[in-house]
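Remarks on the structure that follows.
Both backbone and side-chain heavy atoms feed into the values below; hydrogens, waters and symmetry mates do not. The structure presented is a predicted model; accordingly, all values stated were derived computationally and were not measured.
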2 protein chains.
Amino acid sequence: MLSGMAWNTAETKRRLKESAVAEFAAHGLGGTTMERIARRAGINKERLYTYFGDKSRLFATVLADELNKVAAAVPLDSLDGPEAVAAYAAAVYDYHAEHPELTRLLLWEGLLDLPEVPDEDSRTDYYRTKVTAFTRAQQANLISDDIPAADLAFLILALAGWWYAVPQMARMMHADDPATPDTAREALMRAAAKLATSASPWSRRGGRGRGLRDRDGEQGGGEQDDEI
Amino acid sequence: MLSGMAWNTAETKRRLKESAVAEFAAHGLGGTTMERIARRAGINKERLYTYFGDKSRLFATVLADELNKVAAAVPLDSLDGPEAVAAYAAAVYDYHAEHPELTRLLLWEGLLDLPEVPDEDSRTDYYRTKVTAFTRAQQANLISDDIPAADLAFLILALAGWWYAVPQMARMMHADDPATPDTAREALMRAAAKLATSASPWSRRGGRGRGLRDRDGEQGGGEQDDEI
DNA sequence: TCCAACTCCAACGTTTGGGTTGGAAACCAC
DNA sequence: GTGGTTTCCAACCCAAACGTTGGAGTTGGA
């Protein structure tokens with residue numbers, strides 16, 4: 001229109017994707033309309049189809065993009081102890097705070113329960129590196145190994161992500177004593193550190209639930225029985 | 001049709017709600033159609049509108065119903081120690097396993113981020129009782145108090161719920177060593193117990209188990225501040 | 001028996017929205 | 001310029017789905 005600017009495919013694509021991230025994150029796959037994505041980007045709807053295929057392919061593209069971003073933004077190379085685990089948890093939490101779209105896209109994807117997720121291989125690799133970092137730290141006795149590395153890594157992400165997954169629950173549960181992002185972060189770090197620290201041998205008491213044996217025998221000191 | 005049975009409002013409503021739970025849980029608010037809810041229930045679409053108002057009101061009704069069910073199904077009265085916390089986490093996990101609809105509805109609600117959630121007051125009360133149980137256990141030195149009760153309760157739910165929130169992540173993260181529901185449950189219980197146990201003052205280098213000097217298991221009372 | 005109230009449904013009106021098309025404007029050789 | 005290619009868009013098609021309506025079957029009371 002008013003531009004002397006030439007066509008700019010790359011920029012058009014970028015703007016469309018940016019817009020799509022926002023819309024999909026806000027309304028999910030079902031709740032988002034191609035029309036609105038296009039309008040928000042100030043670009044014709046038809047461009048979406050020629051560039052990205054149909055709606056679900058666009059969703060997949062956009063999600064894969066965001067995952068690549070987070071992979072780059074929150075690296076995890078090595079863990080030298082529980083504090084490092086806590087720091088990692090906090091970094092994930094912070095990233096989510098600044099980029100709430102990612103969590104939301106992931107959650108929406110989870111709710112779709114597709115048999116195969118887009119980009120599965122590279123994503124699996126991505127998670128594998130995380131798990132490996134935990135495994136190595138466990139093998140080096142730098143963090144506790146009483147929870148398997150994959151589970152531990154997964155649960156750390158749970159602690160960091162749950163706030164954004166069910167904000168309404170977070171709000172209601174803290175009704176009497178509102179949680180600021182900071183107190184939440186604090187609690188998260190403490191919790192992450194605890195998970196990564198070897199458990200003190202708590203007395204097992206009465207048999208609610210099964211399991212929860214100490215894997216590798218007792219450690220060091222005496223078993224200690226606490227009665228109420 | 002073939003029935004001599006008279007009209008039965010209550011039963012009709014029940015069947016519609018049952019159907020609505022399934023559809024909403026599976027496809028979310030945006031992805032569900034009133035038509036399909038009605039068809040699944042074998043009842044005319046129009047009944048939905050006269051009984052429940054429009055689609056979003058139906059969603060709210062259904063969600064509130066499910067929450068009441070879970071409140072009744074997974075009670076939490078008192079916690080007499082970390083193992084009770086683990087047992088509670090496992091109970092929540094098991095409930096979710098048997099009733100995946102609830103988690104999904106909650107997640108979808110979270111993603112909608114409505115300004116006010118339906119039934120807010122009674123739900124807040126419900127969570128308050130949970131938090132109170134943790135608070136009391138902390139005050140009685142039965143579980144660790146180094147994480148505020150509300151945060152602790154919330155994080156326990158995170159551990160139990162994350163598996164269902166992002167199943168695709170769970171799967172990919174355990175690609176090398178698939179997690180069965182049982183191993184997940186085991187890890188969850190262990191983690192929950194750890195969060196509820198006073199942190200052993202981890203050695204500067206976070207050595208694990210064997211080398212743990214320092215009497216373990218000193219609970220609650222002592223406050224230990226550690227910068228992370 | 002008649003009528004008012006209630007339960008249910010088939011069919012309809014209308015809007016929304018995914019996806020397409022025909023063509024205009026810009027660019028790029030040659 | 002001229003033809004071919006690419007970028008873009010207004011307008012369109014059509015299926016799906018929200019919500020409604022008119023009416024038919026059912027009940028219960030006066």
Side-chain angles (χ1 to χ4, degrees), chain A residues 1-63 105 108-109 111-112 114 118, chain B residues 1-63 105 108-109 111-112 114 118:
Chain A
M1 279 303 169
L2 55 81
S3 74
M5 293 305 306
W7 304 141
N8 189 338
T9 330
E11 173 66 6
T12 299
K13 284 188 187 177
R14 202 197 53 76
R15 278 167 58 198
L16 285 173
K17 279 202 283 194
E18 186 181 80
S19 171
V21 169
E23 290 291 328
F24 279 133
H27 308 112
L29 181 59
T32 294
T33 79
M34 298 295 263
E35 163 72 26
R36 288 182 52 181
I37 295 176
R39 261 224 314 276
R40 173 191 278 252
I43 290 178
N44 190 274
K45 193 171 53 158
E46 176 267 356
R47 284 292 89 189
L48 287 170
Y49 291 94
T50 54
Y51 287 148
F52 303 106
D54 64 11
K55 191 159 81 156
S56 49
R57 289 190 51 151
L58 174 58
F59 183 80
T61 303
V62 150
L63 177 58
L105 290 175
W108 253 306
E109 183 192 44
L111 288 170
L112 293 180
L114 317 161
Chain B
M1 282 303 166
L2 52 84
S3 73
M5 292 307 304
W7 304 141
N8 188 338
T9 328
E11 173 65 8
T12 300
K13 284 188 186 176
R14 201 196 54 75
R15 278 167 58 198
L16 284 173
K17 278 202 284 195
E18 186 181 82
S19 171
V21 169
E23 290 290 329
F24 279 133
H27 309 112
L29 181 59
T32 294
T33 79
M34 297 296 262
E35 163 73 24
R36 287 182 53 181
I37 294 175
R39 260 223 313 277
R40 173 192 279 252
I43 290 179
N44 191 273
K45 193 172 52 157
E46 177 266 358
R47 285 291 89 189
L48 287 170
Y49 290 96
T50 54
Y51 287 147
F52 303 106
D54 64 9
K55 191 159 80 157
S56 48
R57 289 190 51 151
L58 174 60
F59 183 80
T61 302
V62 150
L63 176 60
L105 289 175
W108 254 307
E109 182 192 42
L111 288 170
L112 293 179
L114 318 161

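- A:Arg15 places its CZ atom 9 Å from the P atom of D:dC8, with the value rounded to the nearest Å.
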request  = I would like to know whether A:Glu18 and A:Arg15 meet salt bridge (Lys or Arg N to Asp or Glu O under 4.0 Å); could you show each step before the answer?
outcome  = CA-CA 5 Å; A:Glu18 186 181 80; A:Arg15 278 167 58 198; over 6 Å; no
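- Non-hydrogen atoms lying under 4.0 Å from DNA chain C are contributed by B:Ile43, B:Asn44, all within residues 18-45 of chain B.
- Between C:dC8 and B:Thr12, a contact under 4.0 Å exists linking OP1 or OP2 to a side-chain N or O.
- Note: CZ (A:Arg14) to P (D:dT7) measures 17 Å, nearest angstrom.
- Taking side-chain N and O atoms only, B:Tyr49 has no distance below 4.0 Å to OP1 or OP2 of D:dT21.
- The two atoms that bring B:Arg47 and B:Thr50 nearest to each other are O-OG1, 3.1 Å, heavy atoms only.
- For the salt bridge (charged side-chain N to carboxylate O under 4.0 Å, His left out) test, no residue two or more places apart in sequence or in another chain qualifies with B:Lys55.
- For A:Lys55 and C:dT16, the NZ to C1' distance is 11 Å, given to the nearest whole Å.
- C:dC8 atom C1' lies 12 Å from atom CG of B:Leu48, rounded to whole Å.
- Taking atom CG of B:Leu16 as the reference point, atom P of C:dT7 lies 13 Å away to the nearest angstrom.
- Nearest approach of B:Leu16 to B:Ile37, heavy atoms of both residues: O-CG2, 3.9 Å.
- The minimum heavy-atom distance linking A:Val62 with A:Ala20 is given by the pair CG2-CB, 3.8 Å.
- Atom C1' of nucleotide C:dC8 and atom NZ of B:Lys13 are separated by 14 Å, given to the nearest angstrom.
- Looking at A:Ser19, its side chain never comes within 3.5 Å of a backbone N or O of A:Arg40 through a donor-acceptor pair.
- When the P atom of D:dA10 is taken as reference, atom CD of A:Glu46 falls 11 Å away, rounded to whole Å.
- Distance B:Arg47 CZ to D:dG19 P: 16 Å, rounded to the nearest Å.
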